[in-house]
Amino acid sequence: MNVLVIGSGGREHALVWKLARSPQVKRVFCAPGNAGMRDAQCVDLTELPALAEFAQREKIDLTVVGPEAPLCDGIVDLFRVRGLRIFGPTQAAAQLEGSKSFAKEFMRKYGIPTATAATFTEPQAALDYVRKVGAPIVIKADGLAAGKGVIVADTLDVALDGVRQCFEGAFGDAGRRVVVEERLVGEEASILALTDGDTIVPLASSQDHKAVGDGDTGPNTGGMGAYSPAPVVTPALQRQIEETVLARFLQGCRAEKLDYRGIIYAGVMVTAQGPKVLEFNVRLGDPETQAVLVRLESDLAEAFAATAERRLASVKLAWSPEPAVCVVMASGGYPGKYDKGHPIEGLDAAEATGAIVFHAGTKKEGDLFVNAGGRVLGVTARGRDIRTAVANAYRAVDCIRWQGAYCRRDIAHRAFGR
Ligand code: AMP
Ligand code: GLY
């Protein structure tokens, strides 16, 4: 089959890399893709109608959507109307990520454990509620805000300020509705699962590091690294999550007639009261995908095609027992301002160690790769145990240099000693 991947980051590079290794796959395209994708032909398209025309013209048998924005914009609906096979939830189903209040209501209705929350469309009512409940408390812009619309407030002042910021447009339209939520305490894990609406198949567990600094300090980013499996997800906890989150999610999709044929990602907080869902995403995580897919031994193209055709019950996924670690190398200053255009050295030496270097924000200038985004590379390696995987990933990281390059040195630290 011919496959089209939509997106341009490290997650999409990992998808391209894995899909290209399927015996069924002839050609892989990525739109818009990035400079590091050796296994795909990149096409410079982002508009949905242009993507659908491309898929028709190039006889694409399967389109796989990486990021949430095109899903929330209805790419799946558009492709299906045109008879094109695509992997992902419809626009209606994508609201589970696109609107936090929609997701909270869904969880309430179907008994999925989550933080207690209230939704507001008027600042005064929200401020009154926050004063009544007090800190710590969490303020969330309802809509998509590129991972920035969540304020975990330790003090009442920060919380009140967060509410005002949302309503004053700090997150654009996303903040016109505000969810105020109980603060949960515990360790987080990313639970990804394939579903075709009838069957749900969990992927290997993983965990990412959102904070920019070592020891999980500093501002949140898109994710500075990830590892799989997440030891916090014990077999007993996995069963509990499958029963209380995944099975109920599927039941809710059926009852609400949501056409869901794609990935559901539950961000779970493991609290003293059991697992609770922090958020749903309707796509794979980045950088979790990089750590998860290098452990997948099965044919990903077949799994995605089966999901899109509602025959997921026939699919079994096999995983390498070896843990995997992805260390994100970022431009100095990220997630704030950073310089671009510095030549990157040592990529071949890094790959010669056996690691895989997934590109996220690179550009080619002549024969050289240069940094062109905040998150630049996802250096990913496996090992016989988690410590070895970490050592293997950092050995490759240490081959790579550019001016201002930054990475955390403690990815997967929470997995040690478990
Ligand atoms: P979200 O986009 O909803 O996942 O929020 C981003 C991050 O904010 C999560 O990964 C958590 O670290 C944190 N967060 C979100 N909701 C809560 C909550 N109710 N309690 C504590 N932390 C939270
Ligand atoms: N790594 C977090 C996310 O993809 O949302």
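FYI, side chains are in, hydrogens and waters are out, and symmetry mates aren't considered; it's all heavy atoms of this structure. Just so it is clear, the structure is predicted and the values come from calculations on it, not from any experiment.
For K363 and F369, the positive end is not near the middle of the six-membered ring at less than 6.0 Å and at most 45° from its axis. Under the 6.0 Å distance and 45° angle rule, R375 does not count as a cation-pi partner of Y334.
For the residue pair E182 and T116, a side-chain donor N or O sits within less than 3.5 Å of a side-chain acceptor on the partner. T388 and D385 share a donor-acceptor pair across their side chains, judged by distance under 3.5 Å alone. In this model, a donor atom of one side chain and an acceptor atom of the other lie less than 3.5 Å apart for Q207 and E187. Between the side chains of Q290 and T380, no donor-acceptor pair is found at a separation under 3.5 Å. With 3.5 Å as the limit, one finds a donor-acceptor pair spanning the side chains of S331 and N371. Side-chain N/O atoms of D259 and T90 include no donor and acceptor closer than 3.5 Å. Inspection of the N34 and S8 side chains reveals no N or O donor paired with an N or O acceptor under 3.5 Å.
Note on residues 165-178: pairs passing salt bridge (charged side-chain N to carboxylate O under 4.0 Å, His left out), not counting sequence neighbours, are D173-R176.
With rounding to the nearest 0.5 angstrom, the CD atom of Q403 is 12.5 Å from the CD1 atom of I344. Note that CZ of R239 is 12.5 Å distant from OG1 of T244, once rounded to the nearest 0.5 Å. The distance from atom OG1 of T195 to atom CZ of R261, rounded to the nearest 0.5 Å, is 11.0 Å.
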R183/D154 under salt bridge (charged side-chain N to carboxylate O under 4.0 Å, His left out): CA gap, chis, key distance, verdict: CA-CA 9 Å; R183 165 138 176 213; D154 286 319; 2.6 Å; yes
Please walk me through it: do D398 and R409 pass salt bridge (charged side-chain N to carboxylate O under 4.0 Å, His left out)? CA-CA 11 Å; D398 290 337; R409 300 298 313 187; 3.1 Å; yes
Audit row: L184, L278, side chain to side chain contact (heavy atoms under 4.5 Å, CB included) steps and yes/no: CA-CA 8 Å; L184 299 176; L278 291 168; 4.0 Å; yes
Can you list the steps and then say if E181 with K100 is a salt bridge (charged side-chain N to carboxylate O under 4.0 Å, His left out)? CA-CA 11 Å; E181 179 170 292; K100 294 194 192 292; over 6 Å; no
Check against ring pair (Phe, Tyr, Trp, His ring centres under 6.0 Å), F54 and F29: CA-CA 10 Å; F54 176 83; F29 298 90; 5.3 Å; yes
From CA spacing to verdict: ring pair (Phe, Tyr, Trp, His ring centres under 6.0 Å), Y265, F280: CA-CA 6 Å; Y265 163 154; F280 280 128; 9.4 Å; no
Tell me, with the steps shown, if V178 and T119 meet side chain to side chain contact (heavy atoms under 4.5 Å, CB included). CA-CA 6 Å; V178 171; T119 301; over 6 Å; no
Side chain to side chain contact (heavy atoms under 4.5 Å, CB included) for L194 and F304? Distances and angles first, verdict last. CA-CA 8 Å; L194 272 173; F304 283 175; 3.9 Å; yes
Stepwise salt bridge (charged side-chain N to carboxylate O under 4.0 Å, His left out) check, D216 with R408: CA-CA 9 Å; D216 295 310; R408 278 181 61 164; 2.9 Å; yes
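Put simply, the side chain of H209 does not reach to within 4.5 Å of the side chain of E188, judged on heavy atoms. Counting heavy atoms from C-beta on, the side chains of L317 and L203 come closer than 4.5 Å. Inter-residue side-chain proximity for V76 and L71 is flagged as met; some heavy-atom pair is nearer than 4.5 Å.
In this pair, F106 and F102 present their aromatic rings parallel. The plane angle is below 30°, not in the 30 to 60° band. In this pair, F120 and Y129 present their aromatic rings tilted. The plane angle is within the 30 to 60° band.
Atom CZ of R401 sits in a crowded spot, with more than 12 heavy atoms from other residues, nucleotides or ligands closer than 6.0 Å. With a 6.0 Å radius and a threshold of 12 heavy atoms from other residues, nucleotides or ligands, E47 has its CD atom at or below the threshold.
Contact detail for N392 and R382: the closest heavy-atom pair is ND2-O, 2.9 Å. Pairing each heavy atom of P67 with each of I6, the nearest pair is CD-O, 3.2 Å.
Every residue meeting the salt bridge (Lys or Arg N to Asp or Glu O under 4.0 Å) condition with R38, not counting sequence neighbours, appears here in chain and number order: E351.
Taking the six-membered ring where the residue is Trp, the centroids of F249 and Y260 are separated by under 6.0 Å.
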